[in-house]
Amino acid sequence: MNFVEELKWRGMLHDIMPGTEEQLQKEVTPAYVGIDPTADSLHIGHLVSVMMLKHLQIAGHQPIALIGGATGMIGDPSGKSQERNLLDEPTLRHNQECIKNQLSKFLDFDSEEANVALLVNNYDWMKEFSFLEFIRDVGKRITVNYMMAKDSVKKRLGEESKSGMSFTEFTYQLVQGYDFLHLYQNNNCKLQMGGSDQWGNITTGTELIRRVAGGEAFAMTCPLITKADGTKFGKTESGNVWLDPERTSPYSFFQFWLNTSDEDAERYIKIFTLLSKEEIDALVAGHKEAPHMRSLQKKLAEEVTIMVHSKEEYEMAVEASQILFGKGTAEQLRKLNESTFLAVFEGVPQFTISKTELAEGINVIDLLAEKTEVFPSKGELRRTIKGNGLSINKEKIGDPDLIVNNDYLIADKYILAQKGKKNYFLIIAE
RNA sequence: GGGAAGAUACCGAAGCGGUCAAACGGGGCAGACUGUAAAUCUGUUGGCUCAGCCUUCGUAGGUUCGAAUCCUGCUCUUCCCA
């Protein structure tokens with residue numbers, strides 16, 4: 001199966017320029033996607049582009065990840081209703097390093113083969129480019145009429161846009177287009193890929209290559225990832241889902257994929273894992289038989305967590321999930337060693353309390369509503385207890401007069417309070 | 001500039017002198033069910049030293065034994081006429 005066919009059955013192909021497939025069959029083709037270095041970590045929204053590069057490398061072509069240092073300083077108007085904040089250079093370099101680190105989990109940057117992955121930063125060639133040179137060498141080749149015809153521009157000039165569009169943003173597509181030209185001339189790069197919202201920007205590049213270099217270059221986009229319920233993909237209540245374990249713990253990362261809805265799971269597993277068509281077909285069939293087993297979600301979460309983090313992190317996440325959602329019991333909880341315990345409850349709101357005070361025994365209500373802010377008011381806590389909604393160390397508390405003392409400590413240090421099923425709070429005795 | 005209506009808890013919206021911490025709907029939270037889902041059902045949704053008490057109905061005063069409810073000033077909102 002060739003690269004294009006591969007993307008096609010995975011549902012990762014939205015639009016493709018005629019001739020692209022032929023080009024890929026002809027020779028080892030370098031192709032790039034752009035990545036905005038707005039943060040020092042990728043998030044799962046970037047993952048689709050990364051997977052495209054990965055498939056590209058597997059198919060024997062050369063993946064190029066372009067860090068949009070220069071373009072990130074401008075801001076892509078596509079899909080944005082407002083101007084973007086600009087990044088300074090030190091931040092940019094830092095972000096670039098972190099991103100490269102993450103990419104190396106997916107792409108082979110050290111191969112001896114011709115299809116070794118490359119990482120470039122367009123800031124490196126844009127920073128020396130003077131304005132005069134740019135408008136003479138690049139700007140001269142593209143008409144404003146052409147640029148105005150792009151959807152991303154039209155939208156910003158249209159009536160629904162309140163803020164207007166700066167000249168800086170207007171030139172964005174030229175700068176991105178020039179990247180393509182630069183890579184075409186220096187790396188023989190003939191293909192640019194990206195999300196379907198990038199089509200306009202990409203074709204500016206192919207147009208530029210045709211007019212400046214007389215060459216032929218190609219474009220390919222993948223559909224934007226959507227969710228069946230219409231909410232935005234890749235977001236949780238707590239924000240973006242990052243690849244960086246410091247920003248999103250492997251446990252939360254795992255949970256994100258596990259909680260994928262049935263409607264979305266099939267699409268996602270094709271896009272975000274490297275499982276073969278046969279394997280996925282079997283999983284989908286199995287899932288239809290027994291949807292409550294959620295075999296699709298489990299496999300999806302497993303594959304992606306291992307790929308982004310590691311097998312160990314995955315196993316830890318499964319273990320944590322069992323304690324939190326499975327038949328986790330008080331004994332199981334007490335059996336955990338401290339480091340696992342902390343990993344399981346990493347990211348859970350924490351409160352501290354003095355150990356000596358606890359030794360004397362504290363009433364549950366005082367402990368959770370006064371000494372700590374697990375509950376905002378005592379009344380609410382009382383209601384929760386009445387409604388059978390409070391657990392301490394995985395055991396239901398029904399008595400509002402309960403006295404908590406050192407006997408409740410896990411690993412001689414922690415008390416786990418639980419509001420309802422899903423809300424955990426960690427109290428640390430010091 | 002003139003006139004009218006209105007401002008109630010997270011949101012919408014009842015209440016028009018005592019029985020009002022305030023109907024009802026939405027949302028939130030919790031319980032049951034379940035697949036860590038959806039739907040459904042149940043409870044709860046100002047605070048506290050919790051069968052009681054305290055602070056809330058735009059804001060500041062007033063009338064009254066008693067005010068979300070009546071009166072006055074102020075602020076804001078909406079509508080109509082200039």
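Quick caveat, the model's predicted, so the values are computed rather than measured. Note on naming: letters A, B, ... go to the chains in the order of the sequence lines (proteins, then strands), and numbering restarts at 1 for each one.
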- Task: Taking atom C1' in both B:C16 and B:G66, compute the distance separating them and give it to the nearest angstrom.
- Result: 16 Å

Practice problem: Quick one: label A:Leu258 by what it contacts on the DNA or RNA (base, sugar-phosphate, nothing), any heavy atom closer than 4.0 Å. | Solution: base

Here the distance between atom C1' of B:C54 and atom NZ of A:Lys378, to the nearest Å, is 15 Å

Query raised in the report: Is A:Lys421 near enough to B:U36 that one of its side-chain N or O atoms lies under 4.0 angstrom from OP1 or OP2?
Result: no

Mind checking whether A:Phe272 and A:Phe256 have ring centres under 6.0 Å apart? no

Quiz item: Can you find a donor-acceptor pair, distance only, under 3.5 Å between A:Glu380 side chain and B:U44 base?
Solution: no

*B:G31 phosphate, OP1 or OP2, under 4.0 Å from A:Lys396 side-chain N/O*: yes

OP1 or OP2 of B:U49 sitting under 4.0 Å from any side-chain N/O of A:Arg382?
yes

Review point. Is a donor-acceptor pair below 3.5 Å formed from side chain A:Lys386 to base B:U42, judging by atom type as modelled?
Key: no

query = Between A:Ser377 and B:G47, is there a side-chain N or O to OP1/OP2 distance below 4.0 Å?
reply = yes

To the nearest angstrom, the CD-P distance between A:Glu263 and B:G35 comes to 17 Å

When we call it a touch if two heavy atoms are under 4.0 Å apart, what does A:Gly387 touch: a base, just sugar-phosphate, or nothing? sugar-phosphate

A:Asn423 side-chain N/O to B:A30 phosphate OP1/OP2 under 4.0 Å: yes

**Request:** Using the six-membered ring wherever Trp is involved, compare the ring planes of A:Phe170 and A:Phe167 and label them parallel, tilted or perpendicular (cut-offs 30° and 60°).
**Result:** tilted

Close side-chain approach of A:Tyr414 and A:Asn393, heavy atoms under 4.5 Å: no

Whole-Å distance, A:Glu266 CD to B:A37 C1', equals 17 Å

Of the listed B:G35, B:G47, B:U36, the closest approach to the A:Arg383 side chain comes from B:G47

_Quick check: A:Tyr184 with A:Phe180 (ring centres under 6.0 Å apart)?_
no

